[in-house]
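Worksheet: the structure to be examined is printed underneath.
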Amino acid sequence: MLLIALCLVFCLSPAHATGFNGQSYVPLADWARASGLRCFWLKRGDEIVATNRTTRLVFDKYSRMAEVNGINVALSFPVALDHGTLLIAQMDLNTAIRPLLFLPRFADPKRITTICLDPGHGGKDTGNHTFWHSEKTYTLALALELRDQLQKAGFNVILTRNKDTYVELPDRPALANRRGADLFVSLHFNATPTGKDDVEGPQTYCITPVGASSTDAQGEGANFGPTTANRVEQRSLLLAYQMQKSLVQSLRVPDRGVRRARYAVLRDAAMPAILIEGGYMTHPVERKKIYDAAYRRQMAQAMVKGILTYQRLVSPPPLPPMVPATNRPVVKIAPSTWTDTNKVSIPNARREKGITNSQ
Ligand SMILES: [Zn+2]
């Protein structure tokens with residue numbers, strides 16, 4: 001029976017790929033061509049690249065990690081290889097790739113004004129421990145630094161805790177919802193479960209798509225129903241992507257990727273919500289940086305940059321300040337510079353046409 005089942009899984013032709021892994025799969029090259037991307041193989045057929053002037057996607061056979069314009073993004077299902085054809089789950093195109101490449105500009109009609117920061121752990125919950133250092137100390141220190149920088153950039157900031165107190169997990173997104181926050185950012189630092197000390201770099205989580213299992217859940221959770229957070233999951237993904245990209249590029253650290261999880265603090269948030277693991281307290285070099293205020297300042301700067309990039313992509317530009325008509329300066333136009341409005345070109349619109357959200 002097992003042999004027959006294996007044969008059924010591996011002998012499916014692309015044309016009959018539906019049902020593979022319990023998912024509908026499509027040939028990657030066909031999707032890429034239809035999306036205006038050119039495809040070619042690398043590494044003797046282990047890797048496929050889909051690219052055009054502004055986009056470069058890299059997929060590895062059997063892998064759940066794809067590269068989107070230089071940043072790792074976790075897929076919900078592994079890329080499959082069938083008779084030399086690389087297949088991708090339709091769900092991953094819909095929930096991991098398309099939102100990063102084609103989410104409509106200004107998808108959020110409201111400007112971001114209020115950001116809720118959630119310093120992980122606190123009080124009796126210390127978080128990770130390495131020697132005499134507790135994660136809760138550094139998540140709070142980072143949150144206070146980030147609050148100051150975001151306020152300087154003109155945002156209102158709410159904190160789920162501003163001292164060493166214990167806050168129940170569901171109370172954290174509940175506060176953001178009650179106060180009408182536009183973004184929710186939970187801050188953590190990582191540790192390997194075994195204390196293995198060679199893993200380093202940030203990773204950024206957003207909500208898992210409905211019907212998929214979380215990145216590190218080892219197959220669990222696929223039957224979890226829709227959560228509040230799934231209503232804005234495309235924007236959460238874009239926020240996670242821009243945050244991860246800014247952290248990796250600004251801090252020049254290894255990229256642990258954009259990942260998916262149904263963490264309690266993420267799933268009940270009604271606004272785009274992410275959880276950042278800023279680095280590993282088990283790594284001998286990275287932990288020293290985490291304990292250093294100057295490095296946390298740099299990290300906060302990278303986070304502000306990530307939020308501003310996201311804002312530019314999803315929020316409409318601010319309205320110009322209202323000037324009473326009677327106070328408007330009179331602009332005299334010399335006859336030689338008059339233009340026929342019917343012939344005025346729209347360079348901005350043209351420039352935007354070929355630009356993707358993940359650049
Ligand atoms: Zn934590």
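Every number for a ligand or one of its atoms is a count from 1 in the order of the listing. Residue indices begin at 1 and follow the sequence shown. Computed from a prediction, not measured in an experiment: that's the story for all the values here.
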Metal site the Zn ion (ligand 1): N/O/S of Glu277 inside 2.8 Å: no
Check: Arg64 side chain, Leu75 main-chain N or O, donor-acceptor pair, under 3.5 Å: yes
His121 atom (N/O/S) at minimal separation from the Zn ion (ligand 1): NE2
Residue that, paired with Asp255, satisfies side-chain hydrogen bond (donor to acceptor under 3.5 Å, both in side chains) out of Lys245, Gln249, Gln244: Gln244
Asp30 and Arg33 ion-paired at < 4.0 Å: yes
His188: its N/O/S atom lying closest to the Zn ion (ligand 1) (atom name): ND1
Stepwise side chain to side chain donor-acceptor pair (under 3.5 Å) check, Tyr205 with Asp216: CA-CA 11 Å; Tyr205 287 87; Asp216 308 317; 2.6 Å; yes
Of all N/O/S atoms in Glu135, the name of the one nearest the Zn ion (ligand 1): OE2
